[in-house]
Amino acid sequence: MKTFMDEDFLLSTPTAVRLYHEVAEKLPIIDYHCHISPQDIAEDRRFENISQVWLGGDHYKWRVMRAAGITEDRITGDATDREKFRAFASVMPELMGNPIYHWSHLELQRGFGISEPLTRENADDIYDRCNEILKGYSARSLMRKFGVRAVCTTDDPVDDLRFHEKLAAELGMEIRVLPAFRPDRAVNIDKAGFDEYIRLLSDATGRRLTSTASVIEALCERIDYFGDRGCLCADHGLDYCMFEEPSLKLADEAFTIAMSGKCPEKKMADAYKTRVTIACAKKYAEKNWVMQIHFGCLRNINRPQFTKLGADTGYDAVNSRSGVWNLAPLLNAFEENDGLPKMILYSLNPTDNTAIATIMACFQGGGTAGKIQQGSAWWFNDSRPGMRKQLTDLAANGVLGRFVGMLTDSRSFLSYTRHEYFRRVLCELVGEWVESGQYPEDKKYLDQLITDLSYENTRKFFGF
């Protein structure tokens with residue numbers, strides 16, 4: 001019987017062991033989509049205790065704590081940080097099969113050298129040990145510990161990016177911290193607060209925004225602003241992938257209704273979203289940015305809890321009506337507008353994997369290897385079975401060797417172990433294919449494959 005999460009964790013074949021320890025384990029990390037705070041990096045934040053860096057903002061952990069019966073005061077409420085840690089520790093033994101169990105223990109092992117399983121009984125001891133070790137770390141030193149080479153944060157078009165500017169100007173800051181353009185609040189016209197946001201965008205650009213065209217002009221101006229500060233990518237978060245004929249008349253009708261504080265009907269809203277998204281895509285293509293689209297999510301579906309706690313607190317779910325069927329006409333519209341950028345496509349619904357892989361194959365070409373990518377197993381899918389499914393579905397319908405690999409999508413400075421988890425799953429799967437005779441045991445090609453999928457493809461695709 002194998003030891004709990006030992007050095008060969010998940011590595012079920014000799015080939016997998018060799019590929020991970022000789023190749024993947026040593027590679028640095030590029031985290032091209034995350035939600036960590038650039039201010040925390042710029043100010044090199046120090047954390048008072050492990051709960052702050054481990055549980056604060058982690059809605060993955062909050063969800064399982066609620067499901068296990070932990071009261072909200074010990075999750076997001078006014079309980080002490082030690083009490084919150086105890087509460088999470090009490091849930092851990094019940095999380096068999098959940099990736100949070102593996103992620104959390106990898107974080108304890110790699111961040112703090114603690115290898116014993118976390119339980120209610122040893123919670124206080126582990127809390128104290130972690131806090132003592134944490135005294136020697138800051139935000140940046142944690143990133144260095146995990147071998148982080150570069151990160152892309154998630155930034156609103158109205159952000160002034162002053163913390164990114166500070167980091168870029170700082171001598172000796174070897175980790176690249178770049179912004180990523182996230183225009184959701186300007187695109188998702190059917191969301192509450194759209195009218196208020198347009199006024200913020202107006203203030204940021206000094207433009208009077210009275211139409212769809214003026215919003216597009218303002219966004220393009222901010223894209224240039226981001227580009228001047230090192231931005232290499234944009235990220236669009238959609239509840240569903242939309243496509244409606246991008247009629248300017250319908251889009252402007254939607255804009256007028258939304259600016260009056262009302263919600264336009266779906267056809268109008270989708271016409272506006274489609275038109276703005278097509279325009280943004282063309283601008284990204286001109287700047288050689290990577291455009292990411294995340295879709296297939298039901299957000300904030302528990303309205304009373306959303307009212308109490310706000311967004312990103314653990315009340316989102318998979319949207320079975322993801323709109324994946326609209327992906328083909330949307331990409332075609334980009335192409336017809338001479339504005340199809342490099343892209344990464346993610347759906348929260350894993351049944352969309354094959355559809356994404358086959359649709360994107362129709363838009364490859366132009367001499368750019370892997371120009372359109374299927375994103376890594378996202379959010380509820382970044383478990384071992386979810387990662388294996390995404391890798392297998394992509395391999396069956398595309399060119400696995402050009403895949404850009406893993407990201408954390410996280411708010412925590414400890415979550416870089418998700419890259420390790422992905423690399424172990426990748427080596428496990430490749431090892432199985434080799435040792436079952438499905439791929440030759442060719443060291444040169446295998447080592448290059450693992451290097452590319454763990455690091456090099458990301459570096460080249462984004463231009464780091």
Side-chain angles (χ1 to χ4, degrees), residues 2 4-21 23-25 27 29 31 33 60 95-106 294 296 318 322 324 344-358 360-361 370 373-410 415-441 445-455 457-458:
K2 291 179 69 66
F4 171 68
M5 292 187 66
D6 63 10
E7 64 178 8
D8 293 336
F9 171 58
L10 296 182
L11 307 176
S12 55
T13 64
T15 300
V17 169
R18 188 193 72 77
L19 287 173
Y20 179 73
H21 290 302
V23 185
E25 185 176 23
L27 293 168
I29 287 171
D31 200 36
H33 175 67
Y60 287 83
L95 296 182
M96 179 183 289
N98 192 308
I100 293 172
Y101 191 75
H102 291 152
W103 295 345
S104 298
H105 282 112
L106 283 175
H294 290 81
V318 173
S322 68
V324 68
I344 307 177
L345 307 168
Y346 313 77
S347 174
L348 199 53
N349 190 332
T351 62
D352 291 343
N353 283 356
T354 300
I356 290 175
T358 55
M360 75 186 198
Q373 293 272 337
Q374 181 187 12
S376 62
W378 173 41
W379 200 343
F380 299 124
N381 302 312
D382 53 5
S383 60
R384 177 175 172 269
M387 290 178 184
R388 287 174 64 97
K389 175 174 171 53
Q390 185 270 339
L391 289 166
T392 302
D393 289 346
L394 175 59
N397 294 285
V399 182
L400 179 63
R402 294 296 182 174
F403 175 46
V404 293
M406 189 57 177
L407 49 90
T408 65
D409 191 28
S410 173
S415 63
Y416 298 110
T417 54
R418 294 182 194 178
H419 285 264
E420 175 182 341
Y421 194 63
F422 165 80
R423 293 173 184 183
R424 287 178 178 272
V425 171
L426 171 66
C427 292
E428 175 191 37
L429 183 60
V430 170
E432 290 174 9
W433 285 345
V434 169
E435 299 207 12
S436 62
Q438 298 180 62
Y439 191 90
E441 191 176 0
Y445 282 102
L446 287 171
D447 288 7
Q448 189 62 56
L449 178 74
I450 298 302
T451 299
D452 288 344
L453 298 183
S454 299
Y455 177 72
N457 285 352
T458 301

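In this text, all values refer to a predicted model and were calculated from it rather than measured experimentally.
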Check against side-chain contact (heavy atoms from CB on, under 4.5 Å), Thr392 and Trp433: CA-CA 11 Å; Thr392 302; Trp433 285 345; 4.1 Å; yes
If you measure from [atom1] on [X] to [atom2] on [Y], what distance do you get to the nearest 0.5 Å?
X	Y	atom1	atom2	value
His419	Leu426	NE2	CG	13.0 Å
Leu95	Ile100	CG	CD1	6.5 Å
Thr408	Asp31	OG1	CG	3.5 Å
Tyr421	Met406	OH	CE	9.5 Å
Leu27	Ile450	CG	CD1	9.5 Å
His105	Phe4	NE2	CZ	4.5 Å

Got [X] and [Y] here, is their nearest side-chain heavy-atom distance under 4.5 Å?
X	Y	answer
Asp352	Ser322	yes
Asp382	Phe422	no
Leu407	Ser376	yes

Exam field: side chain [X] to backbone [Y], donor-acceptor pair closer than 3.5 Å:
X	Y	result
Ser104	Tyr101	no
Arg424	Phe9	yes
Thr417	Glu420	no
Ser454	Thr451	no
His21	Val17	no
Gln390	Gly375	yes
Arg423	Ala24	yes

Measure from NZ or CZ of Arg418 to the centre of the six-membered ring of Tyr60, then state whether that distance is under 6.0 Å and the direction lies within 45° of the axis.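 Yes, cation above the ring, under 6.0 Å and within 45°.
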Does any donor atom in the side chain of Trp378 or Asp409 lie under 3.5 Å from an acceptor atom in the other side chain?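 The answer is yes; a qualifying pair exists.
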Measure the acute angle between the ring planes of Tyr346 and His33, then classify it against the limits of 30° and 60° as parallel, tilted or perpendicular. tilted
Heavy atoms only: give me the nearest Leu348-Gly296 pair and the separation to one decimal.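 That closest heavy-atom pairing would be CB-O, 3.1 Å.
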Give the minimum heavy-atom separation between Leu11 and Glu7, together with the two atoms involved.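 In this case the closest contact between Leu11 and Glu7 is CD1-O, 4.2 Å.
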Determine whether His102 and Arg384 satisfy the following criterion, side-chain contact (heavy atoms from CB on, under 4.5 Å), listing intermediate values before the conclusion. CA-CA 10 Å; His102 291 152; Arg384 177 175 172 269; 5.9 Å; no
Please enumerate all residues that pass side-chain contact (heavy atoms from CB on, under 4.5 Å) together with Thr351, with sequence neighbours excluded. Asn349
Kindly write out the residues that satisfy side-chain contact (heavy atoms from CB on, under 4.5 Å) with Thr15, not counting sequence neighbours, or none if the list is empty.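 Expected list: Thr13, Leu19, Val434, Glu435, Glu441.
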Under 3.5 Å, which donor-acceptor pairs do the side chains of residues 393-404 form with other protein atoms, sequence neighbours left out?
unit_1: Asp393; atom_1: OD2; unit_2: Asn353; atom_2: ND2; d: 3.1
unit_1: Asp393; atom_1: OD2; unit_2: Lys389; atom_2: NZ; d: 2.9
unit_1: Asn397; atom_1: ND2; unit_2: Asp393; atom_2: O; d: 3.0

Before you tell me yes or no, could you show the steps for Val430 and Tyr439 under side-chain contact (heavy atoms from CB on, under 4.5 Å), namely the whole-Å CA-CA distance, both residues' side-chain angles and the distance that decides it to 0.1 Å? CA-CA 8 Å; Val430 170; Tyr439 191 90; over 6 Å; no
Under the criterion side-chain contact (heavy atoms from CB on, under 4.5 Å), I'd like the reasoning laid out for Arg388 against Glu432: C-alpha separation, chi angles, the key distance, then a yes or no. CA-CA 12 Å; Arg388 287 174 64 97; Glu432 290 174 9; 2.8 Å; yes
